[in-house]
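In this text, all values refer to a predicted model and were calculated from it rather than measured experimentally.
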Amino acid sequence: MKTLIVLLLIAGLLAIAFGYWGLNTVQGRARFDEMAGMIPLFAGIAGGVATLLALILAAFRLWSARNHD
């Protein structure tokens, strides 16, 4: 489960960074102008969900470890 948390966190942060790049930089807006930035927007949202899920899983793992000791 520890590996899953780390992978979710890394993937989430990368997706958020991609979303930021695609929506808030000149190069990103030029690259995704044909769809009005829908790809970076949804990637950023998915990244936020993945990051939140990783944090929830980490908190649950920590809580579970403390209650079983």
Spacing of Leu62 atom CG and Asn67 atom CG [to the nearest 0.5 Å]: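 Spacing of CG (Leu62) from CG (Asn67) equals 9.5 Å.
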From Leu41 atom CG to Tyr20 atom OH, the distance as rounded to the nearest 0.5 Å: 15.0 Å
side-chain contact (heavy atoms from CB on, under 4.5 Å) partners of Leu53, counting only residues at least two apart: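 Result, side-chain contact (heavy atoms from CB on, under 4.5 Å) vs Leu53: Leu8, Leu57.
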Applying a strict under-4.5 Å side-chain criterion to I, L, V, M, F, W and Y, I'd like to know whether [X] and [Y] cluster together.
{"X": "Ile39", "Y": "Trp21", "value": "yes"}
{"X": "Leu55", "Y": "Met1", "value": "no"}
{"X": "Leu23", "Y": "Ile45", "value": "yes"}

Determine the minimum heavy-atom distance between [X] and [Y], stating which atoms define it.
{"X": "Gly47", "Y": "Ala15", "answer": "CA-CB, 3.6 Å"}
{"X": "Phe18", "Y": "Ala43", "answer": "CD2-CB, 3.6 Å"}
{"X": "Ala50", "Y": "Gly12", "answer": "CB-CA, 4.0 Å"}
{"X": "Ile5", "Y": "Arg61", "answer": "CD1-CD, 4.1 Å"}

Remaining members of hydrophobic cluster (4.5 Å side-chain criterion), Leu52: Ile56
